[in-house]
Amino acid sequence: MTSIAARTAAEISQRGRIRSAAFQGFFEGSIKATLIALTLLSVLTTVVIIAVLVEETIGFFTMADHPEISLWSFFTGTEWSPLLGAKPLFGVLPLISGTLLVTAIAGIFAMPVGLLTAVFLSEYASPRTRSILKSVLEVLAGVPTVVYGFFALTFITPYLLQPLSSSFGTYNAMGAGIAVGIMILPIVCSLSEDALRTVPQSLRDGAYALGATKFDVTAKVVIPAGLSGVVAAFLLALTRAIGETMIVALAAGGLAQLTVNPSQQVQTMTAYMVQIFLGDAPAAGVEYRSSYAVAFTLFLITFIMTWTGAIILKRYREEYE
Amino acid sequence: MEQPTTTSTPHSHSGSPSIGEPMTLRNDTAIEMQNLSAWYSKNQVLHAIDLDIAAKQVCAFIGPSGCGKSTLLRWLNRMNDTIPGARATGKIALHGVSLLDSALDVVDLRRRVGMVFQKPNPFPKSIFDNVAFGPRLHRIYSRTDLEELVEQSLRASALWDEVKDRLTSSALGLSGGQQQRLCIARAIAVGPELLLMDEPCSALDPRSTASIEELIRELRATYTIVIVTHNMQQASRVSDSTAFFYEGKLVETGPTDVLFTTPKERRTEDYVTGRFG
């Protein structure tokens, strides 16, 4: 026997439960559907981008009025002159070499400087110094790349490079490479610092207790233990450098040439694409389509780098954890 | 595998023959502390400690958490130097060498004083490179005998038979007890006189603990050992003398069997019988 009040309360709670269960089901269902839709959006975007790249790239290689263009001639040709001369030449090697030259200069500058800055921040700096320097680095990370571009053009080249050697032209790979290096410095630095700071204090203590100096601890324990993260930082930064566009479009020049001389001007893959899309190349023309083939090549390079990075990371993890 | 001889049941006090007897034979002093006080910033953690520790014996520091026993241990190899705001006054001497002297070469001190930590902390390197780390640092080997030195150290820490076939594999693949014995081998390899152990078994299972305790009893023949422990049974099993600390003060010290069976101070008795702590 239950009292009226208790029965009413039970009914209310039961009805309430039914209603809220139905609502809960609908609510949960729609949340899940939204999340799936948004996830699919990013997957779809990737698929569409790759599809467009592939389609236009195939179109470039199968143009009826340019039978001379083939995968072989594209990847082995040493001359890239799509706009000049009577007969356009599409050998992508000068663009690849230009890209790699600028990236190499950026890496040679940014990797040691960034790693040593990270070592200073993580191992030597006081908390106060660290917080000040980190905010400076954040400012550096927030500078628009076009600013680095004219910094290279109006400062690095005329005031740092040309006084050293008269062989540096207004546009050159060195100035652009250094500017790209400055741009990727915050990435190298903050990711490396994260990697070094996650090395447990107990390892440092263990080394100090064996009579290691601060330098020994840093060089023989902390950096080796944090190496996987440092390598990941390097790869991410280099991938970013390869894809950098504005700096090289402004400061590296517009002449695609196969050279390793940093005082010469070079054209990178990204800079070529800017040139085509900002110029008045006709939409179905061979120059226009060639930029898709270049974009696809760039995509392949960065994809391989990211993939290599993942493999390296995995190998280190297996070894160290 | 663990040593078959380490199935020891806990001795409630030091009735075992391996402990009491040799004390009178080697009673020269390794460490002298006089009026030692220590601070972390403005917080005084040690108050006027006077304590002598005999050479080639095991001395246990016991006491409740926060009593200053780990701080004291960390002054014996100046590990507190790495902590901002840590300072000490008074005197600590290791075989007559003053340890609080600002001109002291701490690198040399830490070569003479090995340390083993609460949690095993092998470097993410091979077993060989872990043991060789100290000798390489101090260049105290000729190239040919590094391998021999590593082998000796691993034998001394009773780990050699378990790892001799995989010296080049990562130390992180070892069990916790093996890692801790590796850390002991790593400390031994630089040829210290004194070994400091800061609760070396607190992160280990009972079997590994038994093997470490067995090892401590063996190492006593060669090294002076100071061990910080929370575990009363452990203190009574492995140590020759015991010092009881409470709130930064040394309450009582003496031979372990005496301190555990007939303590002079009431607080010592309450602590060793488990009434607080």
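Every heavy atom of this structure was used, including side-chain atoms; hydrogens, water molecules and symmetry mates were not. The chains referred to below are lettered A, B, ... by the order of the sequence lines, with proteins before strands, and numbering in each begins at 1.
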Portion of B:R186 that has a non-hydrogen atom of chain A nearer than 4.5 angstrom:
both

Toward chain A, the part of B:P84 with a non-hydrogen atom under 4.5 Å:
neither

Please tell me if the side chains of A:Y208 and B:N77 come closer than 4.5 Å, counting only heavy atoms from C-beta onward.
no

Any side-chain heavy-atom pair of B:P124 and A:V221 under 4.5 Å:
no

Is a side-chain donor or acceptor of B:N121 paired with a backbone partner of A:S202 at a separation under 3.5 angstrom?
yes

Heavy-atom pairs under 4.5 Å with chain B: which of A:K220, A:R204, A:K214 has the most?
A:K220

Contacting region of B:V116 [heavy-atom separation from chain A under 4.5 Å]:
neither

What's the separation between atom CZ in B:R74 and atom CG in A:D205, rounded to the nearest 0.5 Å?
5.5 Å

Identify which of B:R136, B:M79, B:M115, B:R112 forms the greatest number of heavy-atom pairs closer than 4.5 Å to chain A.
B:M79

Give a yes or no on this: more than 12 heavy atoms of other residues, nucleotides or ligands lie within 6.0 Å of atom OH of A:Y124.
yes

B:K119 atom NZ, neighbour heavy-atom count above 12 within 6.0 Å:
no

Which atoms of B:F117 are under 4.5 Å from chain A, going by heavy atoms: the side chain, the backbone, both sets, or neither?
side chain

Examine distances only and state if a side-chain atom of B:H138 and a backbone atom of A:L210 form a donor-acceptor pair shorter than 3.5 Å.
yes

Within a reach of under 6.0 Å around OH of B:Y40, are more than 12 heavy atoms found that belong to other residues, nucleotides or ligands?
yes

